[in-house]
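Naming convention: chains lettered A, B, ... in sequence-line order (proteins, then strands); numbering from 1 in each chain.
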Protein chains: 2
Amino acid sequence: MEPAGRTSKGEQTRERILDAALDLFRTQGYADTTMRQIAQAAGVAVGNAYYYFASKDQLILAFYERNHADHLAVLGSALDGTKEFGERLRTLVRTKVDSAMPYRRLSTKLFTSAADPESPLSPFSPESAPLRGEAIALMAEVVDGSSLRVGKDLRDDLPELLWLYEMGVILYWVHDSSEGCANTYALIDKTVPIVERLVGIAKLPVIRPMVRELVGMLDELRMPTTGELPVGARATGEYGLDDAPKR
Amino acid sequence: MEPAGRTSKGEQTRERILDAALDLFRTQGYADTTMRQIAQAAGVAVGNAYYYFASKDQLILAFYERNHADHLAVLGSALDGTKEFGERLRTLVRTKVDSAMPYRRLSTKLFTSAADPESPLSPFSPESAPLRGEAIALMAEVVDGSSLRVGKDLRDDLPELLWLYEMGVILYWVHDSSEGCANTYALIDKTVPIVERLVGIAKLPVIRPMVRELVGMLDELRMPTTGELPVGARATGEYGLDDAPKR
DNA sequence: GTCTATAACCGGATAGAC
DNA sequence: GTCTATCCGGTTATAGAC
């Protein structure tokens, strides 16, 4: 749509606001940063900030997206280094933590809403679906590019399960107060082999029924029985962290 | 301290405010209920509501406490019925869900903050410690009163691990949109046997090192390496859901 | 120590003019 | 797209009454 440069005026403004916001969040924390501050730092009016971001929360979703892009860049072709499943998984998760490190406190906000089924910020929300899909696809790459042979019960769901594992690591990281988050890296190194072993034994006759059941319950969560999911709605951020939209 | 009746005037007022708040939360949701509404419904001035509850959030903590008391009452001597571990665990978790059922939406607020290490509302916060302790003690009762024999690696930490399992179930429940939350009850019935089996195999030579490692990492989270934990501070609710206190 | 009433502050969000 | 003015609600402050 743009004639020459690929960043329209609007995109530039949007970036400016996001930059200002992330900078303030990082130095002052999320709660102590006001939309007025953000607008001022970006050199725009408050109303204009809201023109680009429906709410303060939406800035976090934008951060999430940018962070994912960063991760992709850092990860780059690092995965090409090995075909060993454990090593690949370890690389992905470690680089994920690396790239999010400057924003550890801000990242808690994401998990703060993860538990809220109605928050658009939740990694499980429809609004986050595209991003979640990309993250899971990345996990699929970890599996597919490896020499690992997966049992058929697990094949379809393994990437998503691994993504849940990744979420668990990040949850730990967010709480991790050790120097340089050393505990988190230790956790990764300790648990990756366990995950590997679990995937290995999942096909054993004693374990298989359990795996089937667990995977089945996952499916139920994905497809709510009372489901509505307004097809058109996406990432418009009509409501914040709390209850239903109303005002 | 009171002469005759065991509820002083202040306690009555406090209850009145809490009743009004929970009622409004249940019918309108948390976000759409204002402190002004609560005060009016309770027949007090806004300032008075804040005299008893330092913040809107603190009302949720109070709800949490009341709900635990309800659970205790409902559970009553139900545990005396059997010495079978799985049955006891199942009873505890099912009754927990039962007693919280009318406040499912409100309960999400708790989990919304569970992931935030700094929220006083988090089940893991120092402010919630007394309540958490009671819940874990209840779990210990489930174990101790049963015929289950626990391996020594696990003995000390099992109640806490089971409490984490209970938290997991509640997290599922909060997201569960099935009719009457039938899926949650199904989840309990399916997973309790798995938990039972896991406890059983924890002492096997192949598994034991894994158990040790996992329990060790739990300990690390409990005792943050950079720990401060101001000893005096408790349940005063100086800050809300967000970052550090400041104002 | 318990409580009322009222005004004010602050920050997220919105309306509507340009 | 961008601005200014305004609303709304959590929270605080004040000043005084039982």
Side-chain angles (χ1 to χ4, degrees), chain A residues 1-2 7-18 20-21 24-25 28-61 109 113 119-121 236-247, chain B residues 1-3 5 7-18 20-21 24-25 28-61 109 113 119-121 236-247:
Chain A
M1 279 297 173
E2 286 85 43
T7 51
S8 71
K9 174 105 173 292
E11 280 173 57
Q12 285 178 338
T13 308
R14 196 191 132 97
E15 287 302 299
R16 203 146 30 88
I17 295 168
L18 183 54
L24 287 164
F25 289 163
Q28 307 182 350
Y30 180 80
D32 290 341
T33 301
T34 73
M35 287 299 282
R36 287 159 172 92
Q37 280 181 311
I38 294 171
Q40 189 178 11
V44 299
V46 198
N48 200 11
Y50 276 98
Y51 177 82
Y52 288 101
F53 300 93
S55 70
K56 198 179 169 189
D57 288 343
Q58 290 296 313
L59 284 164
I60 295 183
L61 193 54
K109 271 309 262 187
S113 27
S119 167
L121 245 59
T236 33
E238 274 135 301
Y239 48 96
L241 276 178
D242 282 322
D243 290 0
K246 192 203 155 189
R247 290 181 191 153
Chain B
M1 277 297 172
E2 286 84 43
T7 52
S8 71
K9 177 100 173 293
E11 280 173 57
Q12 285 178 338
T13 308
R14 197 190 130 97
E15 287 302 299
R16 203 145 30 89
I17 296 169
L18 183 54
L24 286 164
F25 290 163
Q28 307 182 350
Y30 179 80
D32 290 340
T33 302
T34 73
M35 287 299 282
R36 289 160 173 93
Q37 280 180 311
I38 294 171
Q40 189 178 11
V44 299
V46 196
N48 200 12
Y50 276 97
Y51 177 82
Y52 286 101
F53 300 94
S55 71
K56 200 179 168 187
D57 287 342
Q58 290 296 313
L59 284 163
I60 295 185
L61 193 55
K109 270 308 260 188
S113 27
S119 166
L121 244 59
T236 33
E238 274 135 302
Y239 48 96
L241 277 178
D242 283 321
D243 291 1
K246 192 201 155 190
R247 288 182 192 152

Roughly how far, to the nearest 0.5 Å, is CZ of R14(A) from CG of N48(A)?
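With rounding to 0.5 Å, CG (N48(A)) is 12.5 Å from CZ (R14(A)).
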Pairwise distance CZ(F53(B)) to CD1(I17(B)) - rounded to 0.5 angstrom:
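Answer for the CZ-CD1 pair, F53(B) versus I17(B), is 6.0 Å.
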When the distance from [atom1] of [X] to [atom2] of [N] is rounded to whole Å, what number comes out?
{"X": "F53(A)", "N": "dT14(C)", "atom1": "CZ", "atom2": "C1'", "value": "18 Å"}
{"X": "L24(B)", "N": "dG9(D)", "atom1": "CG", "atom2": "C1'", "value": "15 Å"}
{"X": "Q40(A)", "N": "dT4(D)", "atom1": "CD", "atom2": "P", "value": "12 Å"}
{"X": "M35(A)", "N": "dA5(D)", "atom1": "CE", "atom2": "C1'", "value": "17 Å"}
{"X": "Q37(B)", "N": "dG10(D)", "atom1": "CD", "atom2": "C1'", "value": "13 Å"}
{"X": "D32(A)", "N": "dG12(C)", "atom1": "CG", "atom2": "C1'", "value": "15 Å"}

Taking the nucleotide of DNA chain C with the closest heavy atom to each, which residue, R36(A) or R36(B), is nearer the 5' end?
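Whichever sits nearer the 5' end wins; that is R36(B).
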Looking at [X], I'd like to know whether one of its side-chain N or O atoms comes within less than 4.0 Å of OP1 or OP2 on [N].
{"X": "K56(A)", "N": "dG12(C)", "result": "yes"}
{"X": "K9(A)", "N": "dT2(D)", "result": "yes"}
{"X": "T13(A)", "N": "dT2(D)", "result": "yes"}

Contacts to DNA chain D from residues 43-51 of chain A, heavy-atom cutoff under 4.0 Å, which residues?
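The stretch gives V44(A), A45(A), G47(A), N48(A), Y51(A) as the residues lying under 4.0 Å from the strand, ordered by number.
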Do the side chains of I38(B) and L59(B) get nearer than 4.5 Å, heavy atoms only?
yes
Q37(B): which residues meet the side-chain contact (heavy atoms from CB on, under 4.5 Å) condition with it, sequence neighbours left out?
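Partners of Q37(B) by the side-chain contact (heavy atoms from CB on, under 4.5 Å) criterion, ordered by chain and then number, come out as L24(B), Q28(B), T33(B), T34(B).
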Which residues satisfy the side-chain contact (heavy atoms from CB on, under 4.5 Å) test with A45(B), sequence neighbours excluded?
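By the side-chain contact (heavy atoms from CB on, under 4.5 Å) rule, A45(B) matches no residue at all.
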Is a donor-acceptor pair below 3.5 Å formed from side chain R14(B) to base dT2(C), judging by atom type as modelled?
no
Among dG12(C), dG1(D), dA13(C), which is the nearest nucleotide to the side chain of S55(A)?
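In terms of side-chain proximity for S55(A), the closest of dG12(C), dG1(D), dA13(C) is dA13(C).
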Tell me, please, whether F25(A) has K56(A) positioned over its six-membered ring: NZ or CZ under 6.0 Å from the ring centre and within 45 degrees of its axis?
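No.
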Does CD in E15(B) sit with more than 12 non-hydrogen atoms of other residues, nucleotides or ligands closer than 6.0 Å?
yes
